[in-house]
Amino acid sequence: MRVAFITVGDTRRLTGGYLYHARVFAGLRARGIAIDEVVAGEAPLSAQLERAAAFGAAFDPRPFDVLAVDALARAVCAPWLDGWRAARPLVAMVHELPSVADPRDGQRALEQPLLRSDLLIAVSSHGRDILLRRGVPGERIRVVSPGYDRLPVPGSARTVAGSSTASRRSVLCVAQWITRKGILSLVQAWARRPRPGALLELIGETGADPVYAEQVRRAIAQARPDAPIRVRGPVDDAALARAYRDAALFVLPSAYEGYGMVYAEALAYGLPVVACDIAPVSELLGAAGRLVPPDDPTALDQALGELLGDADLRARLAAAALRRAAELPTWDDAVDGFQRALEAAATRSM
């Protein structure tokens, strides 16, 4: 089988969607499925609209058995999707619908051709529910969640995490600096009181939204010296694994997630998690999390203070994290699910 996967943006970025693609496509290629990644252009909506005519005229669907389209590329592909679907089976990869992730997007109509795909892959039951509310029949939706085991977890980390987190004091956040991830709220919450012996570590891209990043940096500069914050930016997998291993707990007050790969990775390292009470994150965390409302630095401060001040509570939540991680799908499961979706789409064309 030969598959064209059409996306936009820099696929080398260390964000959840691109990491998902890299891991699943590597697994599919190992099974003999040819995946051609086709980058249609830059990700911003204006760039996609400008590029749409030229890309559609140049792209030939005929060499492929199945076309898969990233929902991020909905604008550059929108004028062509119905025509492509008439020629080849079409699968939509929906980590999140842009109009849901950012209601200011204002281009919901551009998603309609994508929603007419032969099959749509969502990454959570919450994502499936969104597609159902948008009118997609349930029989055309498959849920293929990410795995939790992308990073190597040392055996000792899994067996003793519940007790070892008691002596750690770093608080880890892994996310790009965009508004819905809540980094500004986190910095404001962290700076509300002294954090003796503790350190907030921020890992992830800082340049996706320069205006928001400047607000975050200004808040960090104004933070009290006895609540230290370390900005590390993007790191490689080995450094990220060490950061998970050395942390006492994980925090990410995101107001919206399609799934939340970093939460699952934190669970795999036996970390208690502080997050917002939103679907699908609350479902993902189970009993391993402390949930707070979005955009609420006061509640976030209280949750962080509770966990940092109670080693026994951290140990109990760490044990719950490991139990929850053992229930989550692996990356092999994700490859299996994606392969089944591609095969089902190919069969529908016969």
Side-chain angles (χ1 to χ4, degrees), residues 151 153-154 156-157 160-177 181-204 206 213 215-235 239-254 260 262-263 265-277 281 285 287-322:
L151 300 173
V153 180
S156 58
V160 304
S163 57
S164 64
T165 51
S167 61
R168 304 177 197 160
R169 298 297 291 173
S170 76
V171 175
L172 177 63
C173 176
V174 180
Q176 58 177 328
W177 289 11
K181 296 292 184 179
I183 306 301
L184 181 58
S185 291
L186 173 57
V187 171
Q188 292 169 339
W190 184 258
R192 284 181 170 229
R193 67 171 86 180
R195 308 288 179 181
L199 171 69
L200 175 62
E201 288 203 292
L202 303 178
I203 289 179
T206 62
Q215 294 173 342
V216 174
R217 291 189 184 281
R218 189 159 51 244
I220 292 172
Q222 296 169 353
R224 54 192 306 153
D226 53 3
I229 301 170
R230 180 187 181 192
V231 178
R232 297 183 61 182
V235 301
L240 181 58
R242 287 194 297 271
Y244 280 125
R245 183 193 63 210
D246 295 340
L249 60 97
F250 182 87
V251 56
L252 176 55
S254 181
V262 291
Y263 299 107
E265 290 176 348
L267 295 177
Y269 278 84
L271 295 184
V273 176
V274 178
C276 290
D277 191 4
V281 175
L285 295 179
R290 278 290 183 267
L291 301 176
V292 300
D295 303 316
D296 190 338
T298 300
L300 190 54
D301 166 36
Q302 292 172 348
L304 290 168
E306 178 187 18
L307 282 170
L308 285 172
D310 190 336
D312 289 339
L313 174 60
R314 291 203 307 277
R316 290 196 300 272
L317 292 181
L322 292 177

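Predicted model only: the values in this text are computed from it and were never measured.
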So how far is it from [X] [atom1] to [Y] [atom2], rounded to the nearest 0.5 Å?
X: Leu200; Y: Cys173; atom1: CG; atom2: SG; value: 7.0 Å
X: Arg245; Y: Leu151; atom1: CZ; atom2: CG; value: 12.0 Å
X: Leu202; Y: Arg232; atom1: CG; atom2: CZ; value: 10.5 Å

Hey, does [Y] have a side-chain heavy atom less than 4.5 Å from the side chain of [X]?
X: Leu304; Y: Leu186; value: yes
X: Arg290; Y: Leu249; value: no
X: Leu199; Y: Arg169; value: no
X: Val281; Y: Val273; value: no
X: Leu285; Y: Leu291; value: yes
X: Arg217; Y: Trp177; value: yes
X: Trp190; Y: Val251; value: no
X: Thr206; Y: Val216; value: no

- Would you please test Val262 and Tyr244 for side chain to side chain contact (heavy atoms under 4.5 Å, CB included) and show each step? CA-CA 10 Å; Val262 291; Tyr244 280 125; 3.7 Å; yes
Can you give me the closest heavy-atom contact between [X] and [Y], atom names plus distance?
X: Pro253; Y: Gly182; value: CG-O, 3.3 Å
X: Ser254; Y: Cys276; value: O-CB, 3.3 Å
X: Arg314; Y: Leu307; value: NH1-O, 2.8 Å
X: Ala198; Y: Pro228; value: O-CG, 3.1 Å

Let me check something: any side-chain donor-acceptor pairs from residues 218-225 under 3.5 Å, sequence neighbours excluded? List them with distances.
{"residue": "Arg224", "atom": "NE", "partner": "Asp226", "partner atom": "OD1", "Å": "2.6"}
{"residue": "Arg224", "atom": "NH2", "partner": "Asp226", "partner atom": "OD2", "Å": "3.3"}

With sequence neighbours left out, write down each residue that passes side-chain contact (heavy atoms from CB on, under 4.5 Å) with [X], or none if nothing qualifies.
X: Arg192; answer: Pro297, Thr298, Asp301
X: Ala321; answer: Leu267, Ala288
X: Asp295; answer: Ser185

- Task: Report the residues that fulfil side chain to side chain donor-acceptor pair (under 3.5 Å) with Asp296, sequence neighbours left out, ordered by chain and then residue number.
- Result: none
- Query: Which residues pass the salt bridge (charged side-chain N to carboxylate O under 4.0 Å, His left out) test with Arg242, sequence neighbours left out?
  - Reply: none
- Could you go step by step and tell me if Glu265 and Leu240 meet the side chain to side chain contact (heavy atoms under 4.5 Å, CB included) rule? CA-CA 10 Å; Glu265 290 176 348; Leu240 181 58; 4.2 Å; yes
